Amino acid sequence: MRRARPGAPPRGTGSRALTSVGAGADFDRSVAADRTAEQVPVTVKEEHTQSKLWHITLSVSGTETPLKEVRRGLEQLAHDHPFLLTSRYANDHAEIRYWEEARDLHDAAAVALRLWGEHRSSAKLPPWEIVGLEVIDRETYHQRIAEGYGPPPAAPVGVHPY
């Protein structure tokens, strides 16, 4: 799966081409060769951003669709997206809950907002629109559960009618 800004062309497909630039009249090749031989390789320290788990609740809604078609589409989505925890559905809306691994909330939300549209044709999902999105980190999810005011734990796992 390609991850980039929406509408951004893939890298290397732009119309710009690489060109070479002449060294100039005062360029001394012997000095440049000596400097190149004496250079010590420089290591660049890469900053590795730790990803974390985010609990996603995605709500979709639209025109009425036969329950069998909704269920089959959500079951296919669960097969295509292995981290899907549970789905609840009716003939005109559904709620999907799952865990997403991402660097930050913005990345997790962006992936979640693409989930329905990207799987709409492959899983034959209804042509519904996203009407709600909740993204919370793992600690907040567990704190809500412990305090008894959060969503009930995603059990039983699977696709269920409301």
Side-chain angles (χ1 to χ4, degrees), residues 1-18 41-162:
M1 177 169 81
R2 181 180 156 257
R3 292 193 180 190
R5 287 180 290 126
R11 290 184 187 173
T13 61
S15 60
R16 295 181 358 182
L18 295 176
V42 177
T43 57
V44 177
K45 183 180 177 183
E46 289 187 27
E47 190 174 313
H48 180 68
T49 304
Q50 188 79 11
S51 63
K52 53 195 260 189
L53 286 176
W54 299 89
H55 185 266
I56 309 291
T57 303
L58 184 69
S59 299
V60 294
S61 180
T63 58
E64 288 192 13
T65 303
L67 287 176
K68 285 179 123 177
E69 289 181 30
V70 176
R71 180 178 181 90
R72 191 214 39 75
L74 290 172
E75 286 174 344
Q76 183 62 47
L77 178 62
H79 181 320
D80 295 347
H81 197 275
F83 297 108
L84 192 77
L85 292 176
T86 187
S87 295
R88 298 186 305 167
Y89 65 94
N91 62 350
D92 63 347
H93 65 282
E95 178 184 88
I96 302 163
R97 296 176 56 200
Y98 67 98
W99 290 99
E100 183 68 61
E101 185 175 359
R103 181 186 60 194
D104 58 22
L105 180 133
H106 295 97
D107 288 350
V111 171
L113 288 170
R114 290 193 311 259
L115 177 75
W116 190 261
E118 288 181 353
H119 290 275
R120 184 175 290 159
S121 62
S122 64
K124 296 184 176 68
L125 296 167
W128 295 345
E129 297 297 320
I130 296 172
V131 295
L133 173 65
E134 180 185 53
V135 181
I136 56 174
D137 66 356
R138 186 176 184 193
E139 294 78 26
T140 303
Y141 175 80
H142 288 296
Q143 180 182 1
R144 284 184 179 182
I145 299 302
E147 293 175 357
Y149 67 87
V157 174
V159 177
H160 307 282
Y162 272 103

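Every value quoted in this text rests on a predicted model; they were computed, and no experiment measured them.
- Looking only at side-chain heavy atoms (C-beta outward), Asn91 and Thr65 stay at 4.5 Å or farther from each other.
- Note: Glu139 CD to Arg144 CZ = 13.0 Å, rounded to the nearest 0.5 Å.
- Residues satisfying the side chain to side chain donor-acceptor pair (under 3.5 Å) test with Thr140, not counting sequence neighbours, are Asp137.
- With hydrogens and angles disregarded, no donor-acceptor distance shorter than 3.5 Å links the side chain of Ser61 to the backbone of Trp128.
- Qualifying side chain to side chain contact (heavy atoms under 4.5 Å, CB included) partners for Ser59, counting only residues two or more places apart in sequence or in other chains: Glu95, Val131.
- Partners of Ala110 according to the side chain to side chain contact (heavy atoms under 4.5 Å, CB included) rule, which considers only residues two or more places apart in sequence or in another chain, are Arg114.
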* Could you give me the CA-CA distance, side-chain angles and deciding distance for Val60 and Ile130, then say whether side chain to side chain contact (heavy atoms under 4.5 Å, CB included) is met? => CA-CA 4 Å; Val60 294; Ile130 296 172; 4.0 Å; yes
Pairs under 3.5 angstrom only: tabulate donor-acceptor contacts from the side chains of residues 71-78 to other protein residues two or more places apart or in another chain.
unit_1: Arg71; atom_1: NE; unit_2: Glu75; atom_2: OE2; d: 2.9
unit_1: Arg71; atom_1: NH1; unit_2: Tyr89; atom_2: OH; d: 3.2
unit_1: Arg71; atom_1: NH1; unit_2: Val159; atom_2: O; d: 3.0
unit_1: Arg71; atom_1: NH2; unit_2: Glu75; atom_2: OE2; d: 3.3
unit_1: Arg72; atom_1: NH1; unit_2: Ala123; atom_2: O; d: 3.2
unit_1: Arg72; atom_1: NH2; unit_2: Ala123; atom_2: O; d: 3.4
unit_1: Arg72; atom_1: NH2; unit_2: Lys124; atom_2: O; d: 3.0
unit_1: Gln76; atom_1: NE2; unit_2: Asp80; atom_2: OD1; d: 2.8

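- Once rounded to the nearest 0.5 Å, the distance linking CD1 of Ile96 with CG of Leu115 reads 6.0 Å.
- The CD atom of Glu134 sits 12.0 Å away from the CH2 atom of Trp54 when rounded to the nearest 0.5 Å.
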* To do: Check step by step if side chain to side chain contact (heavy atoms under 4.5 Å, CB included) holds for Leu53 and Tyr141.
  => CA-CA 10 Å; Leu53 286 176; Tyr141 175 80; over 6 Å; no
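- Nearest heavy-atom pair, Ala102 versus Ala108, reported as atom, atom and distance to 0.1 Å: CB-N, 3.6 Å.
- For Arg138, there are no side chain to side chain donor-acceptor pair (under 3.5 Å) partners two or more places apart in sequence or in a different chain.
- With sequence neighbours excluded, no residue forms a salt bridge (Lys or Arg N to Asp or Glu O under 4.0 Å) with Arg120.
- Rounding to the nearest 0.5 angstrom, the gap separating the CD1 atom in Ile136 from the NE2 atom in His55 is 6.5 Å.
- Minimum interatomic distance between Leu67 and Ala90 (heavy atoms only, all atoms of both residues): CD2-C, 3.5 Å.
- Side-chain atoms of Glu101 and Trp99, non-hydrogen and from C-beta on, never get closer than 4.5 Å to each other.
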